[in-house]
Amino acid sequence: QVQLIESGGGLVQAGGSLRLSCAASGRTFSSVSMGWFRQAPGQDREFVAAILWSAGSTFYADSVKGRITISRDNAKNTMYLRMDSLKPQDTAVYYCAAARFATIDPSQYYIWGQGTQVTVSS
């Protein structure tokens, strides 16, 4: 059974950086798109970034462009989210997920990780 496991969240001061990891077990993801979403308390789940696993093409939400970089390591079956210049409004639970094509619609993602908390203090 496929599992996605996030790690790397934590507490960081505004302006700091974090790198989140999403390790996939159970299969390879050469034919899918992988994405990061986040959800703050009382808010809807929000698209952050996505990557086409085989081609490496990337897509970002306008709110994070220039501060966040999505990448993947095929050999390790792991996806990353590097976040720089973090702001208090980036505070949320961050989830990784898999879809069959690149999309910002969370309903199209069929496998989800358990989430990792990111808290940015001002």
Side-chain angles (χ1 to χ4, degrees):
Q1 186 170 345
V2 177
Q3 280 191 313
L4 300 179
I5 301 175
E6 301 100 334
S7 61
L11 174 64
V12 63
Q13 288 189 332
S17 299
L18 280 175
R19 189 180 78 158
L20 307 183
S21 299
C22 174
S25 63
R27 60 162 287 183
T28 60
F29 285 88
S30 60
S31 61
V32 303
S33 169
M34 298 287 291
W36 287 97
F37 290 79
R38 64 186 181 186
Q39 189 165 21
Q43 297 187 19
D44 293 335
R45 195 162 292 191
E46 175 190 21
F47 170 78
V48 176
I51 186 167
L52 291 177
W53 194 263
S54 58
S57 304
T58 57
F59 309 87
Y60 297 95
D62 288 342
S63 60
V64 303
K65 277 182 182 177
R67 299 190 298 117
I68 286 180
T69 304
I70 189 172
S71 62
R72 89 281 192 241
D73 185 327
N74 289 356
K76 295 182 179 180
N77 236 18
T78 300
M79 176 176 65
Y80 304 98
L81 191 71
R82 168 76 183 191
M83 302 188 292
D84 297 311
S85 302
L86 282 163
K87 306 173 183 179
Q89 52 263 47
D90 293 317
T91 295
V93 177
Y94 283 71
Y95 299 89
C96 67
R100 292 184 174 84
F101 53 91
T103 175
I104 67 172
D105 181 358
S107 70
Q108 298 299 321
Y109 285 78
Y110 62 95
I111 302 172
W112 289 85
Q114 82 288 351
T116 185
Q117 176 71 46
V118 171
T119 302
V120 184
S121 62
S122 56

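The model shown is predicted, which means the values in this text are computed figures rather than measured ones.
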Step by step, work out the side-chain contact (heavy atoms from CB on, under 4.5 Å) result for I70 and Y80.
CA-CA 6 Å; I70 189 172; Y80 304 98; over 6 Å; no

Exactly one of R82, M83, M79, R38 clears side-chain contact (heavy atoms from CB on, under 4.5 Å) with L20, and that residue is M83

Run the side-chain hydrogen bond (donor to acceptor under 3.5 Å, both in side chains) check on D84 and S17 step by step: do they pass?
CA-CA 4 Å; D84 297 311; S17 299; 2.7 Å; yes

Closest non-hydrogen atom pair, A14 against P88:
CB-CD, 4.1 Å

So if you build clusters from Ile, Leu, Val, Met, Phe, Trp, Tyr with side-chain heavy-atom gaps below 4.5 Å, do W112 and V48 land together?
no

Shared hydrophobic cluster, Y60 / L18 (ILVMFWY, side-chain heavy atoms < 4.5 Å):
yes

Ignoring hydrogens and geometry, is there a side-chain-to-backbone donor-acceptor pair from R67 to S85 under 3.5 Å?
yes

Transitively linked via ILVMFWY side-chain contacts under 4.5 Å: V2 with M34?
yes

Residues A49 and L81: closest non-hydrogen pair is CB-CD1, 4.2 Å

Between Y109 and A50, the two heavy atoms sitting closest are OH-CB, 3.8 Å

Would you please test E46 and S63 for side-chain contact (heavy atoms from CB on, under 4.5 Å) and show each step?
CA-CA 10 Å; E46 175 190 21; S63 60; 3.7 Å; yes

Carefully, step by step, assess S33 and F101 under the rule side-chain contact (heavy atoms from CB on, under 4.5 Å).
CA-CA 5 Å; S33 169; F101 53 91; 5.6 Å; no

Testing Y95, F47, Y94 one by one against F37 for a ring pair (Phe, Tyr, Trp, His ring centres under 6.0 Å), which residue passes?
F47

Test your reading of the model: is there a side-chain donor-acceptor pair from R72 to the backbone of S54, 3.5 Å cut-off?
yes

Joint cluster assignment, V32 & I111, ILVMFWY side-chain distance < 4.5 Å
yes

When you look at F59 and T103, which way does the side-chain contact (heavy atoms from CB on, under 4.5 Å) test go after all the steps?
CA-CA 9 Å; F59 309 87; T103 175; over 6 Å; no

A quick test of your reading: do over 12 heavy atoms of other residues, nucleotides or ligands sit less than 6.0 Å from CG of D105?
yes

Spell out, yes or no, whether L86 and V64 are grouped together once hydrophobic residues are joined by side-chain heavy atoms under 4.5 Å, including indirect joins.
yes

Does the T91 side chain pair with the main chain of V120, one donor and one acceptor, at a distance under 3.5 Å?
yes

Euclidean distance, I5 CD1 relative to C22 SG, rounded to 0.5 Å:
9.0 Å

Compare every heavy atom of A24 with every heavy atom of L4, then report the nearest pair and how far apart it is.
CD2-CB, 3.6 Å

So, the side chain of E6 versus the backbone of G115: is there a donor-acceptor pair under 3.5 Å, distance only?
yes

One thing to verify: whether D62 and K65 come together as a salt bridge, which I'm taking to mean a side-chain N less than 4.0 angstrom from a carboxylate O.
yes

Residue L52 excluded, over 12 heavy atoms near CG under 6.0 Å
yes

